[in-house]
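To keep things clear, I will list the structure first and then write my remarks on it.
Below, chains carry the letters A, B, ... as their sequence lines are ordered, and counting in each starts from 1.
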There are 2 protein chains.
Amino acid sequence: MPKLWNETIETHRNAVRSAILDTTAALVAEHGISSVSMSQIALSAGIGRATLYKYFPDVDAILVAWHERQIQAHLEHLAQVRDRTEGKSDLKLEAVLQAYALISHSHNGGAQAARLHQGPHVSRAQQHLQEFLAELLGEGAEAGIFRNDVAPGELAGYCLHALEAAGGLTSGDAVLRLVKVTMTGLQPPGVAVTGH
Amino acid sequence: MPKLWNETIETHRNAVRSAILDTTAALVAEHGISSVSMSQIALSAGIGRATLYKYFPDVDAILVAWHERQIQAHLEHLAQVRDRTEGKSDLKLEAVLQAYALISHSHNGGAQAARLHQGPHVSRAQQHLQEFLAELLGEGAEAGIFRNDVAPGELAGYCLHALEAAGGLTSGDAVLRLVKVTMTGLQPPGVAVTGH
DNA sequence: CTTCTTATAAGACAGTATGTATTGTTGCCG
DNA sequence: CGGCAACAATACATACTGTCTTATAAGAAG
């Protein structure tokens with residue numbers, strides 16, 4: 001019983017911290033990410049503004065902590081999916097990737113709503129970029145070079161997002177490998193030796 | 001000669017607008033995206049604060065305009081690459097994708113520097129996620145199910161980014177197609193009918 | 001040259017957010 | 001009870017916002 005006290009206090013701090021994160025997430029979802037303030041969060045969470053500063057130094061730290069918690073939850077969810085899926089690595093991976101895709105799908109549904117409060121953020125030019133790629137992909141698909149079981153627009157979105165992984169790479173060779181991998185994904189179905 | 005005047009004024013406005021965008025980009029690169037303010041931009045651009053408000057309503061509008069201009073420049077660059085590349089659609093596309101990947105590569109080098117000013121933004125948990133996937137991919141590669149000419153970590157980054165395209169999709173079926181396309185990219189090389 | 005127009009700089013203004021410091025209160029512990 | 005830690009409330013100086021007013025400079029037209 002040396003620290004029955006430290007236990008309850010720690011518990012309380014975690015509860016408050018969690019409540020702050022929840023409140024912030026709600027405010028972001030409602031008013032957009034750029035309009036949340038420390039004052040607003042403290043008020044909405046029902047705690048004093050000075051108290052909030054004892055937990056987080058600024059809004060950005062709160063958003064980072066929230067994002068961290070989100071990813072952590074996703075990670076645990078994906079680990080569950082992996083362990084519950086019977087079969088070899090490819091089946092497990094397919095299940096995990098599917099779960100992650102669904103997370104991204106539903107998650108960006110909420111993010112889109114948040115964006116709409118502060119204008120159509122990225123859309124205009126980026127859409128042109130996607131259409132530009134879709135045109136090339138459409139031509140290739142007609143010539144039988146690329147897969148035609150997926151719409152060119154969807155493939156273009158896949159390419160753009162996949163290639164943004166280049167931002168985290170260090171060497172130029174790695175970038176070339178990424179392009180190769182991405183283009184492999186564009187191959188027509190049924191050309192593989194192992195049919196599914 | 002009705003509007004020799006309107007021409008010079010338009011030119012001037014474009015010049016000022018461009019200067020605002022350049023200044024903002026420099027400030028973002030230096031102090032991070034969350035610390036730029038209208039006051040700072042006006043001061044740094046050498047124009048009055050009230051004048052700045054005549055060009056853009058708020059910081060966000062400036063950032064959006066800047067981003068728009070960036071993408072527009074990329075688009076023109078990519079169109080040039082496409083037109084200058086001889087060959088069929090697949091060769092053109094490979095050149096275009098490579099160019100885009102290089103853009104992402106160098107661009108996120110700058111973005112990373114900007115992030116570092118406001119903390120290691122996404123890193124911690126997201127890296128765990130990537131390692132989690134890399135483990136599965138490594139197992140599969142050893143079993144010959146996935147390609148082993150690219151490191152598991154790089155493949156994991158590819159998967160995570162590619163699947164984030166799910167955020168822009170509408171139907172659940174489209175998400176499943178995206179997972180299929182992404183997994184196609186993981187196939188070992190040389191299984192295709194057309195050997196490059 | 002004078003007058004008009006237009007973009008601008010400079011400053012004032014109220015409202016709000018920030019970060020910090022100082023109060024007094026509550027509840028748990030020995 | 002006395003001590004301790006977290007807290008709410010409040011105050012304060014500073015900074016950014018968005019709008020408005022006034023004055024200046026430069027080109028265009030008489």
Should Ile62(A) and Val36(A) count as side-chain neighbours, where that means a heavy-atom distance under 4.5 Å?
-> no
Here the residues of residues 45-56 of chain B within 4.0 Å heavy-atom distance, strictly under, of DNA chain D are Arg49(B), Ala50(B), Tyr53(B)
Separation of atom CG in Asp58(A) from atom P in dT14(D), rounded to whole Å | 21 Å
What's the CD1-P distance between Ile41(A) and dA8(D), to the nearest Å?
-> 15 Å
Are the side chain of Ser35(B) and the backbone of His31(B) linked by a donor-acceptor contact shorter than 3.5 Å?
-> yes
Any pair with a residue in residues 150-160 of chain B that passes salt bridge (charged side-chain N to carboxylate O under 4.0 Å, His left out), sequence neighbours left out, goes on the list, sorted by first then second residue, please.
-> Arg177(A)-Glu154(B)
Does any pair with a residue in residues 96-106 of chain A pass salt bridge (charged side-chain N to carboxylate O under 4.0 Å, His left out), and if so which ones, sequence neighbours excluded?
-> none
Write out all pairs satisfying salt bridge (charged side-chain N to carboxylate O under 4.0 Å, His left out) with one or both partners inside residues 71-93 of chain A, taking only residues at least two apart or from two chains.
-> none
Taking atom C1' of dG11(C) as reference, at what distance in whole Å does atom CG of Leu43(B) sit?
-> 15 Å
Validation row: Ser104(B), Val175(A) side chains within 4.5 angstrom (heavy atoms) = no
When you check the phosphate oxygens OP1 and OP2 of dT16(C), does a side-chain N or O of Ser37(A) lie under 4.0 Å from one of them?
-> no
Asp60(A) CG to dG19(C) C1', straight-line distance once rounded to whole Å | 16 Å
Gln40(A) CD to dA17(C) C1', in whole Å, measures 11 Å
Between dT16(C) and Ser39(A), is there an OP1 or OP2 to side-chain N/O distance shorter than 4.0 Å?
-> no
Could you check Arg17(B) against Asp22(B) for salt bridge (Lys or Arg N to Asp or Glu O under 4.0 Å), going step by step and ending with a plain yes or no?
-> CA-CA 9 Å; Arg17(B) 191 187 141 95; Asp22(B) 293 341; over 6 Å; no
Set of side-chain contact (heavy atoms from CB on, under 4.5 Å) partners for Ala165(A), sequence neighbours left out = Leu178(A), His161(B)
Write down the distance between CZ (Arg13(A)) and C1' (dA6(D)), rounded to a whole number of angstrom.
-> 8 Å
Atom CD of Glu142(A): over 12 foreign heavy atoms under 6.0 Å | no
Through what angle, rounded to 10 degrees, does the axis of the helix from dC1(C)-dG30(D) to dG30(C)-dC1(D) turn between its ends, using five pairs per end?
-> 10°
